[in-house]
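Report on the structure given below.
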Amino acid sequence: MTQRQTLFDIGSLVDYLQKLNGPQRAAVEWGAGPILILAGAGSGKTRVLTSRIAHLIQTRQADPTQIFAVTFTNKAAAEMRHRVHTLLNEEMGIHLEERDLWVSTFHSACVRILRSHGHFLGFPNHFTIYDDSDQLSLVKACMRELNVSETTFSPKSIQGRINKIKNEGYDASNYKSTYGGPFEDAFLRVFSRYTEALKQSAAMDFGDLILQTVKLFTEHPNVLKAFQDRLGHVLVDEYQDTNRCQYLLVKKLVSSAGNICVVGDEDQSIYRWRGADISNILNFEKDYPAAKIFKLEENYRSTRNIIEAASRVIANNTERRDKTLFTNNTEGDKILLSEAYDEHDEAFKVISDILNGVTAGESLNQIAVFYRTNAQSRVIEDVLRTKGIQYQIYGGLKFYDRLEVKDSLAYLKLIANPSDDVSFRRIVNVPPRGIGNVTLERLMDQARVYGVSLFSLLEKSLGPEPTITVDLGRSRKSLLEFYNLMAGLRAAKPSLLPSDLLNMVLEETNYRSSLQKEDSVEAQSRLENLAELRQGIVEYELRSGGDDPNKKITLETYLEEIALVSDLDRYDPTAPALKLMTIHMAKGLEFDRVHIVGLEEELFPNIRSWDAAEPSDIEEERRLLYVGMTRARKRLFLYFAKNRTVFGTSHFRVESRFLEEIPKEYLETKKADYFTRRRHYLDRPGLPPRSAHGEEYSQVGDFDPGFEQGPSDDEDLRAGSKVEHPIFGLGIVRQVLGDDKIVVEFRGRGTKKISRKFTQLREV
DNA sequence: CTGCGTGGCATTTTT
DNA sequence: TGCCACGCAG
């Protein structure tokens with residue numbers, strides 16, 4: 001290796017290696033064979049991974065095309081690709097095309113493999129990818145078909161088990177149940193039918209993408225061999241989060257040369273509930289006895305207080321390797337632990353701490369609020385809105401999960417793949433065109449008799465050359481119209497860009513016009529979402545295309561791309577806004593100031609009341625807190641509330657056991673007091689401006705919120721009335737939805753649905 | 001077939 | 001508390 005280095009520019013080589021510390025550099029420079037890099041939080045893991053890839057290329061140990069690097073998120077893959085390119089281009093003068101480097105997520109890598117080799121398993125090149133909700137609706141359809149009651153067996157639990165089994169590397173044919181009894185029996189029948197239905201629809205769920213690839217490699221060793229021969233080096237990021245199926249995939253791809261490099265941190269394994277198997281990283285040396293292990297223990301991100309406190313917390317776990325994080329950073333401020341009276345008070349305190357930070361010169365986009373469950377964001381959002389603070393929520397409601405977006409995509413998916421029965425069922429009667437349940441049941445019945453997909457059944461019975469006769473009853477006419485509609489769209493597909501095809505769909509199906517006819521705020525926002533969807537397609541078309549045949553603009557490639565993007569990819573981290581997210585979403589990110597709320601028993605650690613908590617569940621929750629704490633660069637704020645309303649009823653709360661694991665010397669503690677309790681009620685939305693009638697605070701009783709007073713008066717509000725809202729200011733009533741709810745458009749604040757019971761509006 | 005009302009029921013979600 | 005799924009009436 002060293003003799004080869006002389007062929008290149010040693011100056012730059014030394015330069016980039018000198019940016020690394022001892023263990024980092026050792027891991028980068030280590031030659032062939034299996035490597036495990038245990039990378040503590042903030043220890044420069046991505047730098048090591050990207051430097052190693054660049055180093056392998058620079059020193060001619062590997063050709064760029066021989067490298068395969070996998071991660072879990074698009075974001076991580078994009079960042080890694082970008083950084084490798086920068087290193088190669090700017091520091092080493094090696095110029096590559098993007099496609100010369102195979103850095104991708106597990107799922108998109110498998111899609112790519114299956115697109116080119118799926119025919120070995122009997123899949124067409126352009127199978128459809130079913131997301132979680134498509135999957136759930138297929139599970140339900142199978143249950144209905146097999147008369148498995150949805151009330152005794154929850155479809156979600158069946159879906160969950162199917163995914164679990166697939167994550168472990170089994171399918172319906174080789175899964176051996178260790179249970180017995182009627183439930184198991186029903187489950188196995190559904191699983192088996194579900195598998196058939198997927199194949200019939202030429203579709204795969206997320207689990208299949210990995211599983212079928214493993215199957216391909218198992219059943220077709222020559223295909224596997226070709227990949228092994230091509231890939232000299234396999235690198236895996238976040239190895240602690242791999243499930244068994246992904247583990248098998250990686251193991252197969254690593255050829256006998258055994259050049260595998262995995263990076264991970266068992267303390268940051270937080271996806272066990274999704275099949276992640278922490279033992280993959282804990283037992284790496286057993287799989288690869290020749291493994292060389294490197295430990296990255298120096299943290300460059302956080303203050304010493306934060307690192308030491310987080311380390312003391314995670315030290316209580318037993319499922320971990322011996323590893324100690326340290327930092328040479330300054331001690332920093334203490335961690336602020338605040339007790340709140342309830343969740344409203346908590347939100348108030350969080351925002352007050354945030355505003356103090358902003359006053360002290362921190363920028364809003366470097367501040368984050370983390371919570372355990374999405375539901376916790378609402379209270380915080382309310383306060384943020386009343387204060388006019390810009391914020392972005394990561395996760396929660398997903399754009400591609402919205403009804404109208406899913407409907408439109410279902411049309412596109414059905415056009416691309418007419419066998420896709422899930423999409424067919426979704427849109428056959430959307431907008432309503434007189435094809436109801438009875439008709440659909442009959443269609444499904446017949447389709448099963450003939451062993452064809454629903455669309456194919458229509459084609460064979462109603463198409464230009466009918467080959468079978470099906471009694472379609474009264475709905476024959478509607479079905480024929482639907483068939484002609486879809487046939488027309490399919491015929492138009494080859495000559496249209498995906499964005500124009502979407503437009504055609506929305507026009508021809510009357511989807512757009514039926515929304516326009518509704519003339520409600522909801523419909524309006526749906527139309528806006530459809531416009532955004534179209535804009536997204538246009539952007540896809542703009543960045544694709546060109547000479548690269550891999551980037552040809554087709555409906556299929558567009559659908560493939562969006563099937564694998566998460567909502568996370570849509571947000572702009574540089575926007576001047578506060579970031580709100582669950583801790584799961586926060587993994588891999590960092591902020592100057594981090595606020596973690598809801599540190600209470602049952603919520604965090606989160607305990608399903610109907611299921612006894614196992615010690616390993618608690619350890620995973622502890623890892624989650626560890627991940628959250630180690631996201632903070634400068635300051636960390638922790639909160640818990642003494643009362644919290646859960647599902648409508650208020651409960652007394654006990655502070656999280658994890659808080660006791662943080663030694664007092666790292667903490668500054670603030671107790672809740674009577675005045676903070678009062679203050680937050682006075683700051684609640686819905687109160688008139690304090691100075692309005694000179695009766696400051698007087699209407700607020702001791703613990704009486706004071707704002708739940710019912711409709712403020714007998715004002716007869718109707719569409720067109722002008723109102724004044726204590727926070728949003730002047731607005732015009734757009735709609736009256738029953739007794740209590742009205743829709744108001746505020747000047748410069750957009751349209752809001754408002755409950756009159758909780759809000760004092762003044763007619764002006 | 002469609003629209004509306006009531007009751008049951010709630011984690012985390014890289015792809 | 002708020003959403004979604006089912007049941008019934010038109």
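Just so it is clear: chains get the letters A, B, ... in the order the sequence lines come, proteins before strands, and each one is counted from 1.
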Would [X] and [Y] pass as an ion pair if we require N to O under 4.0 Å?
X	Y	answer
A:Lys642	A:Asp345	no
A:Arg644	A:Asp342	no
A:Lys45	A:Glu238	yes
A:Asp131	A:Lys406	yes
A:Arg623	A:Glu319	yes

| task | Within residues 428-446 of chain A, find the residues that approach DNA chain B with a heavy atom at under 4.0 Å, and present them sorted by residue number. | result |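 Heavy-atom contacts with DNA chain B come from A:Asn429, A:Pro432, A:Arg433, A:Gly434, A:Ile435, A:Gly436, A:Asn437, A:Val438, A:Thr439.
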| said: Is there a side-chain contact between A:Thr582 and the phosphate of B:dT13, meaning an N or O under 4.0 Å from OP1 or OP2? | reply: yes
| Is any side-chain nitrogen or oxygen of A:Asn374 closer than 4.0 Å to OP1 or OP2 of B:dT13? | yes
From [options], nucleotide with atom closest to [X] side chain:
X	options	answer
A:Glu621	B:dT11, C:dA5, B:dT13	B:dT11
A:Arg378	B:dT11, C:dG2, C:dA5	C:dG2
A:His584	B:dT15, B:dT13, B:dT11	B:dT13
A:Phe647	C:dA5, C:dT1, B:dT14	C:dT1

Remember a base hit wins even if backbone is also touched, and classify [X] as base, sugar-phosphate or nothing at under 4.0 Å, heavy atoms.
X	result
A:Glu150	sugar-phosphate
A:Asp132	base
A:Phe106	nothing

| query | Within 45 degrees of the axis of the six-membered ring of A:Trp102 and under 6.0 Å from its centre: does A:Arg112 put its NZ or CZ there? | reply | yes
Would you kindly give the [atom1]-to-[atom2] distance between [X] and [N], to the nearest whole Å?
X	N	atom1	atom2	value
A:Ile583	B:dT12	CD1	P	12 Å
A:Leu589	B:dT14	CG	P	12 Å
A:Leu624	B:dT13	CG	C1'	12 Å
A:Tyr130	B:dT13	OH	P	25 Å
A:Leu114	B:dT15	CG	C1'	14 Å
A:Trp273	B:dT14	CH2	P	8 Å
A:Phe399	B:dT13	CZ	P	20 Å
A:Leu403	C:dC4	CG	P	10 Å

| Is the base of B:dT12 syn or anti, if syn means a glycosidic angle within 90° of 0? |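 With its glycosidic angle more than 90° from zero, B:dT12 counts as anti.
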| request: Applying side-chain hydrogen bond (donor to acceptor under 3.5 Å, both in side chains), run through A:Asn417 and A:Thr128 and close with a yes or a no. | output: CA-CA 7 Å; A:Asn417 170 14; A:Thr128 295; 2.8 Å; yes
| query | Looking only at N and O atoms, is any donor in the side chain of A:Arg372 or the base of B:dT11 less than 3.5 Å from an acceptor on the other one? | reply | no
| field | Pairs involving residues 424-443 of chain A, ordered by first then second residue, that meet salt bridge (charged side-chain N to carboxylate O under 4.0 Å, His left out) (sequence neighbours left out) | value |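 Found A:Asp407-A:Arg426.
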